[in-house]
K.L.:
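My structure is below; once you've seen it, I'll send some questions.
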Amino acid sequence: MKDGNIIEARDIGMLYRVHKSRRHSLREALFRSLLGRDELVEVWALKNVSFEVGRGESLGIIGDNGAGKSTLCLLLSRIMDPTAGEVDVAGRVSALLTIGAGFQSDLTGRDNIFLNGVYMGFATDEIRSRFDEIVEFSELGEFIDMPVRTYSSGMRARLAFSIAASVRPEILIIDEVMGVGDRKFRKKSQARMKEIIGESKALVVVSHSMATIRDLCSRVVWLEKGKLAAQGPVDEIVAKYEAR
């Protein structure tokens with residue numbers, strides 16, 4: 001990896017194999033399989049995508065639905081390995097890919113903070129030391145001891161972001177979730193993301209909101225049907241994207 005870089009993606013590709021026929025039941029699926037009619041189709045969600053992210057940079061990922069943005073986040077988060085190419089990520093990653101992913105609905109917010117912290121690889125003592133900060137940032141107050149199933153989507157979003165941002169990650173990856181929640185919390189969460197950038201770390205943001213991309217990002221990767229359409233300074237690439 002080059003000096004000063006925290007992420008390098010080199011000609012990465014991600015191949016999915018999906019069933020061509022629509023399955024209506026297990027019986028039909030078995031019948032088609034026995035007759036050799038259950039054809040698999042190869043779909044490249046990403047193909048030949050390369051880019052770099054340096055320390056202190058904030059990268060925006062834009063593109064239409066189905067462009068491969070979420071798949072790219074999964075690769076950068078080390079949740080999946082690419083089918084082709086290489087992804088190097090140097091540093092602790094905290095990813096917020098789906099609101100409340102990993103939350104256990106019957107457990108309280110308090111319990112879920114510890115559970116998610118363990119998922120991220122932190123010791124119980126470290127989670128405990130950050131607990132008050134997480135609760136304060138989330139603004140959940142007494143609801144922290146209520147089951148998560150009683151939370152609104154906005155409350156789940158606040159808790160999820162508060163956990164992800166509190167662990168002081170070297171790389172924070174946010175996939176199109178900060179549109180949920182009230183305006184006050186969105187403003188506060190964006191301020192926290194700017195703090196992460198200011199601490200000479202890296203931020204990766206996926207969003208359909210070009211205002212969010214312009215506000216938070218310095219560079220942009222534009223994906224189109226799984227391929228790299230363009231990359232470069234935020235104003236230049238966003239202008240091209242909006243002018244299509």
Side-chain angles (χ1 to χ4, degrees), residues 6 58 60-61 65 69-81 89 91-199 201-209 212 215-216:
I6 198 166
S58 51
I61 302 175
N65 290 332
K69 304 185 299 298
S70 293
T71 295
L72 180 56
C73 284
L74 291 171
L75 298 181
L76 297 180
S77 304
R78 301 171 176 151
I79 294 172
M80 298 191 310
D81 294 322
V89 180
R92 175 183 284 181
V93 178
S94 183
L96 186 53
L97 306 182
T98 305
I99 296 171
F103 282 170
Q104 296 297 314
S105 295
D106 289 332
L107 297 181
T108 65
R110 179 185 298 271
D111 292 334
N112 273 286
I113 289 174
F114 283 91
L115 185 62
N116 275 260
V118 170
Y119 285 162
M120 293 177 182
F122 296 98
T124 303
D125 288 344
E126 187 171 3
I127 303 167
R128 188 176 291 111
S129 70
R130 301 186 186 280
F131 180 82
D132 290 343
E133 176 189 344
I134 294 170
V135 176
E136 181 180 359
F137 194 96
S138 72
E139 302 176 357
L140 288 175
E142 62 185 16
F143 284 99
I144 201 66
D145 289 311
M146 298 290 288
V148 167
R149 58 181 162 76
T150 66
Y151 288 11
S152 66
S153 59
M155 292 167 71
R156 282 175 175 253
R158 295 206 304 271
L159 182 58
F161 181 84
S162 300
I163 296 170
S166 72
V167 297
R168 298 296 188 267
E170 291 178 283
I171 305 160
L172 178 61
I173 301 174
I174 305 288
D175 184 0
E176 197 62 77
V177 295
M178 293 320 299
V180 179
D182 58 39
R183 183 178 299 178
K184 178 184 174 184
F185 189 80
R186 288 200 301 270
K187 185 176 180 179
K188 186 168 75 168
S189 63
Q190 288 183 354
R192 176 68 188 105
M193 286 188 273
K194 289 178 179 178
E195 284 180 20
I196 291 172
I197 300 167
E199 293 167 357
K201 298 175 183 177
L203 175 69
V204 178
V205 179
V206 174
S207 182
H208 287 287
S209 168
T212 297
D215 184 45
L216 291 175

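Starting from 1, each residue takes its place in the sequence as its number.
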K.L.:
For the pair S77 (side chain) and L74 (backbone), establish whether a donor and an acceptor sit closer than 3.5 Å, ignoring hydrogens and angles.
P.N.:
no
K.L.:
Measure across E142 and M146 and return the closest heavy-atom pair with its distance rounded to 0.1 Å.
P.N.:
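Reported closest heavy-atom pair: O-CG, 4.1 Å.
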K.L.:
With side chains defined as the heavy atoms from C-beta onward, is the minimum distance between F143 and S152 less than 4.5 Å?
P.N.:
no
K.L.:
Does F161 offer a backbone N or O that forms a donor-acceptor pair with the side chain of R192 under 3.5 Å?
P.N.:
no
K.L.:
Mind checking whether L159 and N116 have side chains closer than 4.5 Å, heavy atoms only?
P.N.:
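The answer is no, as the side chains (C-beta and beyond) never meet within the 4.5 Å cut-off.
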K.L.:
Nearest 0.5 angstrom please: K201 NZ to R92 CZ, how far?
P.N.:
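K201 atom NZ to R92 atom CZ measures 8.5 Å (nearest 0.5 Å).
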K.L.:
How long is the straight-line distance from CG of L140 back to CZ of R110, given to the nearest 0.5 Å?
P.N.:
11.5 Å
K.L.:
As an exercise, state the distance from OG1 of T108 to CG of L115, rounded to the nearest 0.5 Å.
P.N.:
10.5 Å
K.L.:
What are the two closest non-hydrogen atoms of M80 and L75, and how far apart are they?
P.N.:
O-CD2, 3.5 Å
K.L.:
Quick one: pull up CD in E133 and OG in S138 and give me the separation to the nearest 0.5 Å.
P.N.:
11.0 Å
K.L.:
Apply the test side chain to side chain donor-acceptor pair (under 3.5 Å) to residues D215 and T212: give CA-CA distance (whole Å), side-chain angles for both, the deciding distance (0.1 Å), then the verdict.
P.N.:
CA-CA 5 Å; D215 184 45; T212 297; over 6 Å; no
K.L.:
Are Y151 and N112 close enough that some pair of their side-chain heavy atoms sits under 4.5 Å apart?
P.N.:
no
K.L.:
Does the side chain of I173 come within less than 4.5 Å of C73's, by heavy atoms?
P.N.:
yes
K.L.:
Give the ring-plane orientation class for F114 versus F131, where under 30° counts as parallel, over 60° as perpendicular and anything between as tilted.
P.N.:
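Because their plane-to-plane angle is under 30°, the rings of F114 and F131 count as parallel.
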K.L.:
What are the two closest heavy atoms between I6 and E170, and how far apart are they?
P.N.:
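Residues I6 and E170, closest heavy atoms: CD1-O, 3.7 Å.
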K.L.:
Taking the side chain as C-beta and beyond, is there a heavy-atom pair between S105 and R156 under 4.5 Å?
P.N.:
yes
K.L.:
Do you know which two heavy atoms are closest between L216 and S58, and how far apart they sit?
P.N.:
O-OG, 2.8 Å
K.L.:
Could you check if a side-chain atom of K188 sits within less than 4.5 angstrom of a side-chain atom of R158, using non-hydrogen atoms only?
P.N.:
no
K.L.:
Hey, could you give me the CZ/CG distance between R130 and D125, rounded to the nearest 0.5 Å?
P.N.:
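With rounding to 0.5 Å, CZ (R130) is 12.5 Å from CG (D125).
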K.L.:
With a 4.5 Å cut-off on side-chain heavy atoms, are I113 and V135 touching?
P.N.:
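Answer yes - side chains close enough.
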K.L.:
Would you give the length of the straight line joining atom CG of D111 to atom CD of Q104, rounded to the nearest 0.5 angstrom?
P.N.:
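Separation between the atoms: 10.5 Å.
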K.L.:
Does any non-hydrogen side-chain atom of L76 lie less than 4.5 Å from one of V93?
P.N.:
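No, too far: nothing below the 4.5 Å cut-off.
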